[in-house]
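Report on the following structure.
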Amino acid sequence: MTDLVNTTLAYLNGTWKPLNECQVPVNTHAFQYGTGCFEGIRGYWNGQHLNLLFLHEHFERLHANANMLLMRAPSVSEMNEIAIQAIRANAPKHNVYLRPMVFKKGTGLGPVLVNVPDGFLLYIQPLDQYFAAEKGLNVCVSSWRRIADNALPARTKATGGYLNSALAKSEAMINGYDEAVFLNDRGQVCEGSAENIFIVRDGVLITPDRTADILEGITRKAIFQLAKDRGIAYVERPIARTELYLADEIFLVGTGCQVAFVRSVDKRVIGDGSKGAITTRLHQAYEDAVYGRNEAYRHWLTQVVC
Ligand SMILES: Cc1ncc(COP(=O)(O)O)c(C=O)c1O
């Protein structure tokens, strides 16, 4: 697997090279100060084609986030093209994950975002399951608060901000949990270390709104669409911590984790500890959509013949 990743052709600042030859100097600004922002995109192999999920949406988000962080990304269409070229060049016959990143490639001293040149990279790697989640995830509420929007906006997917995620996830793992759920600085439920969260109460799907210091997840939005199309009511509103313990169902969503049901929170079992009915419906619908089995969601996919 490591060899497979190292030898894939990757894009760095205008050139294509094997990934293990893509190097930057140790005094690169992004390495020193976490001045980058990135995306994670999935490609699903359906036995014949590689289908890239929400390609355009990911690059639109990256472009907007880079702009917010005073970085210049290539245009959305250029990034789309680089992603498609990466798939064509490597011709994977399995599910993949694409990691594009805009970053400060300059080498200046001092944590600034202006007058430092920007770079862009993209590489791919195999990815099947992010979590071994068949039995459900045992999660905890993190003792770490989510970074606030006016400190380091989680919605930007800034590389430096992922230290906040890493602290929470590591604490959870050290304590024997699979994942952490952040509260924000108002003490309300926010998101996982790399996932958005949904709970179900009285048949209604509930998720924190976009001002709750979350990343505005692309999968989160897809879940709204799937719920709407199936007549499942959903609402975006603040979620109190103890609503987690009372929820009938809880699941995490994201490009990496897809749809992963939560078995317990802080050792309180959710429902009967199995995947709930609404989670099961949405999970199935999501899988059908991403593997191209449902015509209604084909427009979510960019098919690459390779
Ligand atoms: C902090 C965080 N929240 C939520 C998500 C889910 O976002 P998306 O569905 O766009 O992958 C991610 C994954 O990228 C994330 O890192």
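Numbering of ligands and ligand atoms starts at 1, following listing order. Heavy atoms only: backbone and side chains are in, while hydrogens, waters and symmetry mates are out. A quick note: this is a predicted structure, and the numbers were derived from the prediction, not measured.
Summarising the local packing, CZ of R298 is surrounded by more than 12 heavy atoms from other residues, nucleotides or ligands at distances under 6.0 Å.
Contact atoms of ligand 1 toward S193: 1 (C) (distance under 4.0 Å to a heavy atom of the residue). Interface atoms of ligand 1 facing N196, defined by a heavy-atom separation under 4.0 Å, are 4 (C), 6 (C). Remark: ligand 1 atoms within the under-4.0 Å shell around heavy atoms of Y162 are 1 (C), 2 (C), 15 (C), 16 (O). Under a 4.0 Å criterion applied to the non-hydrogen atoms of E191, ligand 1 contributes the atoms 1 (C), 2 (C), 3 (N), 4 (C). In summary, the atoms of ligand 1 found under 4.0 Å from a heavy atom of R61, numbered by their order in the structure, are 10 (O). Residue-ligand proximity, T255 to ligand 1, at heavy-atom distances under 4.0 Å covers atoms 8 (P), 9 (O), 11 (O).
Considering both main-chain and side-chain atoms, I218 comes within under 3.5 Å of ligand 1 through a nitrogen or oxygen pair.
Taking each of C190, A194, G217, A168 in turn, the one with a heavy atom nearest to atom 5 (C) of ligand 1 proves to be A194. Across the listed options T219, I223, L252, T219 owns the non-hydrogen atom lying nearest to atom 9 (O) of ligand 1.
Judged by a 6.0 Å distance limit and a 45° cone about the ring axis, K267 is positioned over the six-membered ring of Y177. Because its NZ or CZ atom is both nearer than 6.0 Å to the ring centre of Y245 and within 45° of the ring axis, R268 counts as a cation-pi partner of that residue.
Comment: R186 engages D213 in a salt bridge, judged by a side-chain N to carboxylate O separation of less than 4.0 angstrom. R99 has no carboxylate O lying under 4.0 Å from a charged side-chain N of E39, or vice versa, which leaves the two without a salt bridge. Taking the charged nitrogens against the carboxylate oxygens, D178 and K169 have no contact shorter than 4.0 Å, which rules out a salt bridge.
Note on ligand 1: R146 sits in its first shell, one or more heavy atoms being nearer than 4.0 Å. Using 4.0 Å as the threshold, F54 has no heavy atom nearer than that to any atom of ligand 1.
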Start with the C-alpha gap between N51 and Y291, add the side-chain angles, then the distance that decides, and say whether side chain to side chain donor-acceptor pair (under 3.5 Å) holds.
-> CA-CA 8 Å; N51 285 319; Y291 280 99; over 6 Å; no

I would like to know whether F261 and F251 meet ring-ring contact (aromatic ring centres under 6.0 Å, His included); could you show each step before the answer?
-> CA-CA 4 Å; F261 88 94; F251 58 94; 9.8 Å; no

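Of all protein heavy atoms, the one closest to atom 14 (O) of ligand 1 is K157 NZ, 2.7 Å.
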